[in-house]
Amino acid sequence: MSPQAANGLIYPKLAVIGCGLIGSSIIRAARAAGAVGEVSVADASPEHRQKVLELGYADLVTADPAEAVRDADLVVLATPVMAMSGAFAQAASALKPGATVTDVGSVKAAVVEALKPLVPEGVFLAPGHPIAGTEYSGPEAGFAELFQNRWTILTPLPREDDPYLEAVQRLVDFWRALGANVDRMDEKHHDLVLAVTSHLPHLIAYNIVGTAADLEEVTQAEVMKYSAGGFRDFTRIAASDPTMWRDIFLANKDAVLEILGRFTEDLQALSRAIRWGEGDKLFELFTRTRAIRRGIVAAGQETPEANFGRDHRQ
Ligand code: NAP
């Protein structure tokens with residue numbers, strides 16, 4: 001366990017930059033767990049700032065990242081990936097020595113590369129990514145239970161000095177207090193894993209919904225009416241935030257293209273098996289994939305309780 005503040009708080013002051021689904025869920029969960037004292041928020045959107053004020057879970061709401069991070073012990077960057085370094089650059093000079101800066105971006109290598117040169121001496125950068133989410137956006141979409149029994153992946157820098165290791169351990173304790181399980185890995189591996197488990201599935205969903213919308217032989221009314229045949233699940237994923245997902249594909253280009261190459265080869269093989277009537281090949285694959293689904297359910301990553309009725313995570 002890392003040392004906690006004298007009052008039992010993990011971080012006396014939390015600052016969140018970008019208070020949408022993930023940022024607001026972190027604040028709600030941290031407040032519910034009694035992990036933080038004061039909370040400040042910086043957000044670029046006037047409507048979202050107004051919403052955060054109405055929801056009443058922050059002590060300070062501002063457009064200025066530097067004002068929000070003053071005296072903060074933990075700063076969480078929760079803007080879309082491509083906006084992170086710009087927002088952080090505005091805040092960096094106001095950070096207090098000893099503060100920890102983390103982020104929740106769905107891509108890690110590009111974010112770390114952009115943030116690293118901006119971090120002042122004596123401030124600890126410990127990037128992260130909660131594998132939890134919904135297809136909704138904005139501060140009103142957040143909820144305290146979002147991270148319960150979900151994984152958060154931290155991608156700490158390759159540093160072995162005690163102050164840095166203690167800062168990372170404190171962040172681990174924070175995520176655990178929010179109900180998350182915590183794993184660590186290097187950022188390149190994170191990006192490859194997420195390309196398979198999240199980014200490619202989203203690309204496929206965006207593509208299949210786009211294809212259905214463009215078909216001339218099947219009407220829009222038929223697509224809606226018969227969507228329970230599998231299409232409906234894709235539409236939920238394809239409803240995810242366009243800004244966030246544009247940024248993810250641009251920032252994780254190499255890993256996504258690598259996995260997409262493998263996927264295309266496998267799809268070609270499936271297409272050949274269908275053309276040549278190779279039912280055994282299809283049956284063997286579908287049997288293997290069914291076992292994977294059962295493994296996910298057995299690991300508690302697909303239960304109504306874990307989803308809180310919102311069955312989606314990225
Ligand atoms: P969101 O609901 O759209 O919230 C992002 C917030 O940041 C919005 O209020 C946005 O305002 C604001 N913002 C944008 N640029 C800013 C800037 N330069 N300075 C300050 N605020 C700014 O997005 P989210 O779903 O919470 O995602 C946030 C991050 O979490 C992303 O990096 C994403 O990759 C990651 N993530 C998302 C999920 C998920 O399922 N959604 C899961 C895990 C991780 P505007 O709306 O006006 O732009």
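Sequence positions, counted from 1, serve as the residue numbers for this chain. For the numbers below, each heavy atom of this structure counts, side chains included, while hydrogens, waters and symmetry mates do not. Here the structure is a predicted model, which means the values were calculated and not measured. Just follow the structure's listing: the first ligand is 1, and inside any ligand the first atom is 1.
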Does some side-chain heavy atom of Ile22 sit less than 4.5 Å from a side-chain heavy atom of Leu146? yes
Between Asp186 and Lys188, is the closest basic N to carboxylate O distance under 4.0 Å? no
With the threshold set at under 4.0 angstrom, would you say Pro139 reaches ligand 1 through any of its heavy atoms? no
Look only at interatomic distance and state if Thr79 has a nitrogen or oxygen under 3.5 Å from any nitrogen or oxygen of ligand 1. yes
Just distances here: any N/O of Gly23 and N/O of ligand 1 closer than 3.5 Å? no
Going by the order shown, which atoms of ligand 1 are within less than 4.0 Å of some heavy atom of Ala83? 15 (N), 18 (N)
In ligand 1, the atoms that come under 4.0 Å of a heavy atom of Val81 are 32 (O), 34 (O)
Which atoms of ligand 1 are found less than 4.0 Å from any heavy atom of Gly105? 32 (O)
Using 4.0 Å as the upper bound for N to carboxylate O, is an ion pair formed by Glu54 and Lys51? yes
Looking at ligand 1, does any of its N/O atoms fall within less than 3.5 Å of an N/O of Ser106? yes
In ligand 1, which numbered atoms sit nearer than 4.0 Å to a non-hydrogen atom of Thr134? 40 (O), 41 (N)
Against heavy atoms of Pro130, which atoms of ligand 1 measure under 4.0 Å? 43 (C)
Does a salt bridge link Asp73 with Arg170, judged by any charged N lying under 4.0 Å from a carboxylate O? no
Taking 4.0 angstrom as the limit and counting only heavy atoms of His129, give me the atoms of ligand 1 inside it, by number and element. 43 (C), 44 (C)
Indicate, as side chain, backbone, both or neither, the part of Pro80 found under 4.0 angstrom from ligand 1 when only non-hydrogen atoms are considered. both
With a cut-off of 4.0 Å, which atoms of ligand 1 are near a heavy atom of Ala78? 5 (C), 28 (C), 29 (C)
Does an N or O from His48, backbone or side chain, lie closer than 3.5 Å to an N or O of ligand 1? yes
Sub-3.5 Å donor-acceptor pair from the side chain of Arg31 to the main-chain atoms of Gly37, do we have one? yes
Sorted by first residue and then second, give each side chain to side chain donor-acceptor pair (under 3.5 Å) pair with at least one member in residues 263-280; sequence neighbours left out. Glu278-Lys281
Residue pairs passing the side chain to side chain donor-acceptor pair (under 3.5 Å) test where at least one lies in residues 75-93, sequence neighbours excluded: none
Any N or O on Ile248 sitting closer than 3.5 Å to an N or O of ligand 1? no
Quick one: does any side-chain atom of Arg150 pair with a main-chain N or O of Ala180 as donor and acceptor, under 3.5 Å? no
Please check if atom CZ in Arg159 has more than 12 non-hydrogen atoms from other residues, nucleotides or ligands closer than 6.0 Å. yes
I'd like to know whether CD of Glu284 has more than 12 heavy-atom contacts from other residues, nucleotides or ligands below 6.0 angstrom. yes
I'd like to check which ligand 1 atoms, numbered from 1 as shown, lie under 4.0 Å from a non-hydrogen atom of Val104. 29 (C), 30 (O), 35 (C), 36 (N), 44 (C)
